[in-house]
Q: 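I have a structure here, written as structure tokens, and I will follow up with some questions on it.
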Amino acid sequence: MMYSSRRKPVLYFRDDRSFLSRKCTVWKLCGLCMLFVLGSLLWVQLTCSGDMSQTVGHGHLPHQPCPTERHASSADDPSWGPHKMALIVPFRERFEELLIFVPYMHAFLNKKKIRHQIFILNQLDHFRFNRASLINVGFLESGNDTDYIAMHDVDLLPQNEDLDYGFPNEGPFHVASPDLHPLYHYKTYVGGILLLTKKHYQLCNGMSNRFWGWGREDDEFFRRLKTADLKLFRPVGITTGTKTFRHIHDPGWRKRDQKRIAAQKQEQFKVDPEGGLTNLRYKVESRQEVTISGAPCTVINTFLECDISLTPWCQPS
């Protein structure tokens with residue numbers, strides 16, 4: 001069929017009043033956007049409430065709750081109990097251990113439904129490491145929303161879920177007891193992991209600030225517990241023995257500061273009746289909220305102060 005040179009072929013379309021016509025309007029775009037948003041919200045709701053477990057190799061990835069679920073579980077579920085722990089971790093330059101510790105303990109305590117906040121007390125000054133003073137700082141900086149503390153070494157991970165991290169109402173509870181700790185087995189040992197109510201810690205006036213370097217501060221604290229007439233409790237019915245904890249410290253790579261300088265050799269065995277929270281001197285340089293592999297923690301960067309006339313061994317030799 002031939003057309004005249006003055007006439008062009010006519011193309012016919014459907015009525016452009018149809019919603020899906022090629023003619024685009026603002027109202028149509030808004031409608032499509034609304035449908036997309038509603039569909040996305042429906043998908044999120046289904047994936048959060050449904051079983052989203054997957055299989056990888058021979059293992060299973062457990063269902064991970066949505067952020068709103070996780071918040072509701074700890075804040076609104078009465079089975080978590082009314083108490084909240086301040087997990088206090090004295091720290092200096094042991095980042096490899098910290099990267100393991102924080103997510104592990106956060107998951108461990110969540111599984112046991114223990115409300116908690118992890119505080120990393122990072123010592124920034126040039127003095128020797130002072131574990132006891134850092135715990136004192138953690139106690140004072142942990143806030144009023146926590147009512148008990150866990151004095152916790154960064155290199156000690158609980159392996160037995162039957163270990164009790166709950167509120168130690170009856171008295172201090174030594175989680176890492178001598179019969180369970182992988183290294184220290186003497187009867188008066190109270191280091192590693194020790195739980196106390198804030199009232200009981202205040203009653204002891206905290207820990208002595210005289211212990212610079214590694215060791216002996218927990219032995220002096222054991223005497224404080226006795227002076228305050230506090231009964232010490234330890235785990236019962238734990239059958240895993242010295243495999244109850246995993247000790248992740250590498251002594252070859254992270255050597256402990258065990259030097260005894262000047263009069264420190266004699267002073268380390270003495271009781272410090274006046275020192276503690278009342279004579280603690282420190283400055284918080286900064287406070288940072290950090291997430292490590294999805295686990296939140298609060299890093300308190302701290303400068304400790306030392307009275308060299310009283311404890312000259314605070315300085316490195």
Q: For Tyr189, check ring pair (Phe, Tyr, Trp, His ring centres under 6.0 Å) against everything at least two apart and list the hits.
A: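 Result, ring pair (Phe, Tyr, Trp, His ring centres under 6.0 Å) vs Tyr189: His174, His181, Tyr184, Tyr186.
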Q: Find the distance between OG (Ser142) and CG (Leu87) and round it off to the nearest 0.5 Å.
A: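 Atom-to-atom, Ser142:OG and Leu87:CG are 11.0 Å apart.
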Q: Check the side chains of Asn209 and Asn136 for a donor-acceptor pair under 3.5 angstrom, ignoring hydrogens and angles.
A: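 Result is yes, a qualifying pair exists.
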Q: Strictly below 4.0 Å, N to O, side chains only: are Lys111 and Glu161 in salt-bridge contact?
A: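 Looking at Glu161 together with Lys111, the answer is yes, because their closest N to O distance falls below 4.0 Å.
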Q: If only atom types and distance count, is the side chain of Arg287 paired as donor or acceptor with the main-chain N or O of Glu141 below 3.5 Å?
A: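 Indeed, once roles are kept as given, a pair shorter than 3.5 Å links the two residues.
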Q: With sequence neighbours left out, write down each residue that passes ring pair (Phe, Tyr, Trp, His ring centres under 6.0 Å) with Phe173, or none if nothing qualifies.
A: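 Applying ring pair (Phe, Tyr, Trp, His ring centres under 6.0 Å) to Phe173 gives none.
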Q: Between His152 and Phe101, is the gap from one ring center to the other below 6.0 Å?
A: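 Centroid separation for His152 and Phe101: below 6.0 Å.
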Q: Which distance, rounded to the nearest 0.5 Å, do you find between the CG of Leu156 and the CD1 of Ile193?
A: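 If we round to the nearest 0.5 Å, Leu156:CG and Ile193:CD1 are 4.5 Å apart.
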Q: Please determine whether the number of non-hydrogen atoms from other residues, nucleotides or ligands lying under 6.0 Å from atom CD of Glu289 exceeds 12.
A: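 Correct, the count exceeds 12.
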Q: Could you give the distance from CD (Glu93) to CG (Leu98), rounded to the nearest 0.5 Å?
A: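 Spacing of CD (Glu93) from CG (Leu98) equals 12.5 Å.
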Q: Are the side chain of Gln123 and the backbone N or O of Asn130 linked by a donor-acceptor pair below 3.5 Å?
A: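 Indeed, once roles are kept as given, a pair shorter than 3.5 Å links the two residues.
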Q: Could you report the tightest heavy-atom contact between Pro172 and Leu230, atom names first, then the distance?
A: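 What the structure gives for the nearest pair is CD-CB, 3.9 Å.
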Q: Is it true that Val236 and Leu180 fall in one hydrophobic cluster, defined by side-chain heavy atoms closer than 4.5 Å?
A: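 No: no chain of side-chain contacts under 4.5 Å links Val236 to Leu180.
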Q: Looking at Ile238 and Pro235, what are the two nearest heavy atoms and their distance?
A: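 Distance-wise, the nearest heavy atoms are CG1-CB, 3.8 Å.
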Q: Which pair of non-hydrogen atoms, one from Asp77 and one from Lys113, has the smallest distance, and what is that distance?
A: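 Closest approach of Asp77 to Lys113, heavy atoms only: OD2-NZ, 3.9 Å.
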Q: Side chain of His116, backbone of Ile114: donor and acceptor closer than 3.5 Å?
A: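 It does hold such a pair.
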Q: What distance do Phe91 atom CZ and Ile300 atom CD1 have between them, rounded to the nearest 0.5 Å?
A: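 That separation rounds to 13.5 Å.
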Q: If hydrophobic clusters are built from ILVMFWY residues whose side chains come within less than 4.5 Å, do Leu232 and Leu203 share one?
A: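 Yes.
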Q: Of all residues at least two apart in sequence or in a different chain, which pass the side chain to side chain donor-acceptor pair (under 3.5 Å) check with Ser208?
A: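 Scan of Ser208 (side chain to side chain donor-acceptor pair (under 3.5 Å), adjacent residues dropped) gives Asp272.
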Q: Is the Phe129 to Trp212 ring centre distance short of 6.0 Å?
A: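 No, ring centres 6.0 Å or more apart.
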Q: Got a donor-acceptor contact below 3.5 angstrom from the Asn205 side chain to the Thr278 backbone?
A: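 Yes, Asn205 side chain to Thr278 backbone: donor-acceptor pair under 3.5 Å.
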Q: Are any of the side-chain nitrogens in Glu220 or Arg216 under 4.0 Å away from the carboxylate oxygens of its partner?
A: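 Not counted as a salt bridge, because no side-chain N and carboxylate O are separated by less than 4.0 Å.
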Q: State, without any angle test, whether Thr302 and Lys283 hold a side-chain donor-acceptor pair at a distance under 3.5 Å.
A: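 Result is no, nothing qualifies.
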Q: Tell me whether Lys84 forms a cation-pi arrangement with Tyr148, defined as NZ or CZ under 6.0 Å from the six-membered ring centre and within 45 degrees of its axis.
A: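 No cation-pi geometry.
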Q: For the pair Asp125 and Arg92, find out whether any cationic side-chain nitrogen is under 4.0 Å from an anionic carboxylate oxygen.
A: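 Counted as a salt bridge, because a side-chain N and a carboxylate O are separated by less than 4.0 Å.
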Q: Which atoms form the tightest heavy-atom contact between Ala132 and Met207, and what is the distance?
A: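 Nearest pair, atom of Ala132 first, then Met207: CB-CB, 3.7 Å.
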Q: May I ask you to test the Met151-Asp218 pair for a side-chain heavy-atom distance under 4.5 Å?
A: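 Answer no - side chains too far apart.
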Q: Aromatic rings Tyr201 and Phe221: how do their planes relate, parallel, tilted or perpendicular, breaks at 30° and 60°?
A: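 The arrangement is tilted - the two ring planes meet at 30° to 60°.
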Q: Return the minimal non-hydrogen interatomic distance between Asp164 and Gly166, and the atom names on each side.
A: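 Heavy atoms only, the tightest pair is OD1-N, 2.8 Å.
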Q: Give a yes or no on whether the backbone of His200 and the side-chain of Thr197 come within a donor-acceptor separation of less than 3.5 Å.
A: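 Indeed, once roles are kept as given, a pair shorter than 3.5 Å links the two residues.
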Q: If I compare all heavy atoms of Ile308 with all of Cys314, which pair ends up nearest, and what's the gap?
A: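 Heavy atoms only, the tightest pair is CG1-SG, 4.3 Å.
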Q: Within the distance-only criterion (no hydrogens, no angle test), does the side chain of Arg128 pair as donor or acceptor with the backbone N or O of Trp313 below 3.5 angstrom?
A: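 Yes: the side chain of Arg128 pairs with the backbone of Trp313.
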Q: Verify, without hydrogens or angle tests, whether Tyr282 (side chain) and Leu134 (backbone) share a donor-acceptor contact under 3.5 angstrom.
A: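 Absent.
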Q: Ignoring hydrogens and geometry beyond distance, is a side-chain donor-acceptor pair present between Gln117 and Thr298 at under 3.5 Å?
A: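 The answer is yes; a qualifying pair exists.
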Q: Using only atom types and a distance under 3.5 Å, with no angle test, would you say the side chain of Asn160 pairs donor to acceptor with the backbone of Thr244?
A: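 No, the answer is negative, given that no donor and acceptor are paired below the 3.5 Å cut-off.
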